[in-house]
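Worksheet for the structure shown next.
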Protein chains: 2
Amino acid sequence: MSDDAWEPPAILLAVDLVILTLREARLHVLLVERGIEPYKGAQALPGGFLQHSQESLVAAAHRELAEEADLDVETLCLEQLGVYDDPGRDPRGRVVSVAFLAIAPRLPEPTAGTDAADAGWQPTDRVLSGELNLAFDHRRIVTDGVERARAKLEHSALATAFVGPTFTITDLQDVYEAVWGMPLDPRNFYRKIKKTDGFIVPAGSARKAATGRPARLFRAGPREALYPPMIRPADPPNGKEQAQ
Amino acid sequence: MSDDAWEPPAILLAVDLVILTLREARLHVLLVERGIEPYKGAQALPGGFLQHSQESLVAAAHRELAEEADLDVETLCLEQLGVYDDPGRDPRGRVVSVAFLAIAPRLPEPTAGTDAADAGWQPTDRVLSGELNLAFDHRRIVTDGVERARAKLEHSALATAFVGPTFTITDLQDVYEAVWGMPLDPRNFYRKIKKTDGFIVPAGSARKAATGRPARLFRAGPREALYPPMIRPADPPNGKEQAQ
DNA sequence: GCTACTTTTTGTCAGATTGACAAAAACGTA
DNA sequence: TACGTTTTTGTCAATCTGACAAAAAGTAGC
């Protein structure tokens, strides 16, 4: 490309957000109903274009989140998920979108913002299964986001981000079961968690549900990366792949 | 953002490539000497701007690779590494760059292309340590790329991408040692590899170096994801973190 | 041809980890 | 006080890991 007279291509840069949380022991994703064309009326991830050329991507992400879902998530830690740039993914022209992922403890019901007709939590199952159709390539983005969360639970203390400041080991197990989508043995889970140094630290004695032995409370520990990782059981219980 | 009169911000979209390979049992990255300002004369990752608004990011990546390093890597599998968008990372204006990562078996010495004064392989050590300075934020990108490769070695059969079509188990071990930057026990490595179903399949009897028992040859197996993962030993041999 | 040396491959063995399951502990409730 | 529930502590066999020995299969030197 030895062209001196080079015209910058007209490309629009956007951000999309996959916000995951736990509600009633199921993994949910934040969706908005699009208030404008294209895909007006369809469910979509919150997101939008960069406002000006100096706005950073994460700044745009936080701004869109506030605008579209009225969520106060200053503290929310956004992680880059990927870039989606298939030409033709947006009928308006060439739109390259950077997706971000965030994990949140139980959040308040979001209220509709200016650009979105409505905002609310939907179970990720319904999106992944295709039961619920999303605008653009947002189903793929959600799929990637959930898979990222699953993987991160194995190697990081991410699970504590789903729950409140103090929690019980059973709370943590609920997170793993909801995100991984499989049941785990409470006894073995308990043992594994407790012996992973720095994952959790005690937070006073405890009390919880109406019935059963009260559970001890813990707080997130200093450890960010889990060294002996929490290996999730092989996914395909229906698969029959056997090599060698 | 309820503005109808909205001016698309002037943002340039670029790609950068982290091409990793093994040379003399060390991990190397492909660098070019910049032939134009800014950072003219400095070492940098191959990459450049999207040519037109319909060009996909991977297409641009392949094109730049051919242009700048004259490498024929049609078959090279590029994986998205991340987006680098710090305003101010490029003195020419707002440049958002999407980085791609590729792993390659021993490649021919690249020849300089049109935009780059020179192209060649440099040990990643020299980049990570800061001994070799790179243009823009390319040192960070290389750091992220190497870390990604390290992580992928744990869970995928990526190691076979570093070697030729047929290889010995020792070849594989060299890959792990070079990328992880630590020595591994040949006996235990051998055992672990052989018992990971589908990782490698036999490829006829074998022969190799001038000395020692001839090693058996293998070919990459069907397995993409390693189920019992290859857990790499804890990184910090100098660390002393102990909680609980 | 025989010995020395090198590298690959096959074992061994104790300690740690895992998965499945039992049982005790610590509550509320009838 | 007996019962049901949930948390917590154990147990046990199977598996996996890390450290190390030894056999196997070549080449090189004499």
Side-chain angles (χ1 to χ4, degrees), chain A residues 25 153-155 163 166-177 180 182-219 226-237 242 244, chain B residues 25 153-155 159 163 166-177 180 182-197 199-219 226-237 242 244:
Chain A
L153 280 192
E154 295 191 86
H155 302 278
V163 294
T166 69
F167 49 86
T168 70
I169 293 194
T170 305
D171 289 339
L172 270 193
Q173 183 177 344
D174 291 342
V175 173
Y176 275 89
E177 289 187 333
W180 283 354
M182 56 178 71
L184 302 172
D185 183 285
R187 287 87 53 105
N188 295 336
F189 185 83
Y190 197 96
R191 176 183 43 176
K192 175 77 176 174
I193 293 290
K194 289 218 66 170
K195 113 150 84 90
T196 301
D197 271 356
F199 193 171
I200 56 175
V201 295
S205 58
R207 168 137 329 198
K208 223 190 71 169
T211 177
R213 172 173 179 173
R216 271 180 266 186
L217 285 180
F218 296 89
R219 195 181 309 282
L226 303 184
Y227 173 47
M230 299 275 306
I231 312 182
R232 84 181 115 158
D235 256 336
Q242 286 294 62
Q244 174 71 263
Chain B
L153 243 42
E154 296 191 86
H155 303 277
V163 294
T166 70
F167 50 85
T168 70
I169 292 193
T170 305
D171 289 338
L172 270 193
Q173 183 177 342
D174 290 341
V175 172
Y176 275 89
E177 290 187 338
W180 282 355
M182 56 178 70
L184 303 173
D185 182 286
R187 287 88 52 104
N188 295 336
F189 184 83
Y190 197 96
R191 176 182 42 170
K192 174 79 175 172
I193 292 290
K194 289 217 67 171
K195 114 151 83 90
T196 302
D197 271 357
F199 193 172
I200 57 175
V201 294
S205 58
R207 168 139 326 202
K208 223 192 73 174
T211 177
R213 173 173 177 172
R216 272 180 267 186
L217 284 179
F218 296 89
R219 195 180 310 281
L226 303 184
Y227 173 47
M230 300 274 307
I231 313 181
R232 82 181 117 154
D235 257 336
Q242 287 294 63
Q244 173 70 263

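The chains referred to below are lettered A, B, ... by the order of the sequence lines, with proteins before strands, and numbering in each begins at 1.
With contacts defined as side-chain heavy-atom distances shorter than 4.5 Å, the pair B:D197/B:Y227 does not qualify. Side-chain contact between B:D171 and B:F218: absent, with no pair of heavy atoms (C-beta onward) separated by less than 4.5 Å. With contacts defined as side-chain heavy-atom distances shorter than 4.5 Å, the pair B:Q173/B:P186 qualifies. Residues B:K192 and B:P228 have side chains in contact (heavy-atom distance under 4.5 Å, counting atoms from C-beta outward).
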Set out, in order, the CA-CA distance, both residues' side-chain angles and the distance that settles side-chain contact (heavy atoms from CB on, under 4.5 Å) for B:L172 and B:F189, then state yes or no.
CA-CA 9 Å; B:L172 270 193; B:F189 184 83; 4.1 Å; yes

Would A:I193 and A:M230 count as a side-chain contact (heavy atoms from CB on, under 4.5 Å) if you check the C-alpha gap in whole Å, the side-chain angles of each, and the deciding distance to 0.1 Å?
CA-CA 9 Å; A:I193 293 290; A:M230 299 275 306; 4.2 Å; yes

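For A:Y190, a side-chain nitrogen or oxygen approaches OP1 or OP2 of D:dT9 to under 4.0 Å. Using a 4.0 Å cut-off, no side-chain N or O of A:K194 falls inside it from OP1 or OP2 of D:dT8.
In this structure, the CG atom of B:L184 is 10 Å from the P atom of D:dG18, given to the nearest Å. D:dC16 atom P lies 14 Å from atom CE of B:M230, rounded to whole Å. Put simply, CG on B:L172 is 15 Å from C1' on C:dT9, counting in whole angstrom units. Atom-to-atom, CZ of B:R216 to C1' of C:dT9 comes out at 7 Å; the value is rounded to the nearest Å. For the pair A:L217 CG and D:dT6 P, the computed distance is 17 Å after rounding to whole Å. The CD atom of A:Q173 sits 12 Å away from the P atom of D:dT6 (whole-angstrom rounding). Straight-line distance from the NZ atom of B:K192 to the P atom of C:dT10: 18 Å, rounded to whole Å. One interatomic measurement links the two molecules: CD1 of B:I193 to C1' of C:dT10, which rounds to 16 Å at whole-angstrom precision.
Here the CD1 atom belonging to A:I169 is positioned 12.5 Å from the CZ atom belonging to A:R191, to the nearest 0.5 angstrom. Note that the CG atom of B:L217 and the OG1 atom of B:T166 stand 4.5 Å from one another [nearest 0.5 Å]. To the nearest 0.5 angstrom, A:D174 atom CG is 10.0 Å from A:L184 atom CG. In this structure, NZ on A:K194 lies 6.5 Å from CD1 on A:I200, to the nearest 0.5 angstrom. To the nearest 0.5 angstrom, B:H155 atom NE2 is 3.0 Å from A:H155 atom NE2.
Between B:D185 and B:I231, the one whose closest nucleotide on DNA chain D sits nearer the 5' end is B:I231. Where B:Y227 and B:I169 each meet DNA chain C at their nearest nucleotide, the meeting point lying more 5' is that of B:I169.
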Contacts under 3.5 Å, N or O only, protein and nucleotides 25-27 of chain D:
from   : atom 1 : to     : atom 2 : distance (Å)
D:dA25 : O4'    : B:R213 : NE     : 3.4
D:dT27 : O4'    : B:A210 : O      : 3.2
D:dT27 : O3'    : B:A210 : O      : 3.1

Could you pull out the protein-nucleic contacts involving nucleotides 10-15 of chain D (nitrogen or oxygen on both sides, under 3.5 Å)?
none

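Within 4.0 Å (heavy atoms only), B:T168 reaches no atom of the nucleic acid at all.
Remark: side-chain polar atoms of B:Y176 are paired, donor with acceptor, to backbone N or O of B:L153 under 3.5 angstrom.
The C1' atoms of five pairs define one axis at each end of the helix from C:dG1-D:dC30 to C:dA30-D:dT1, and these two axes lie 10° apart (to 10°).
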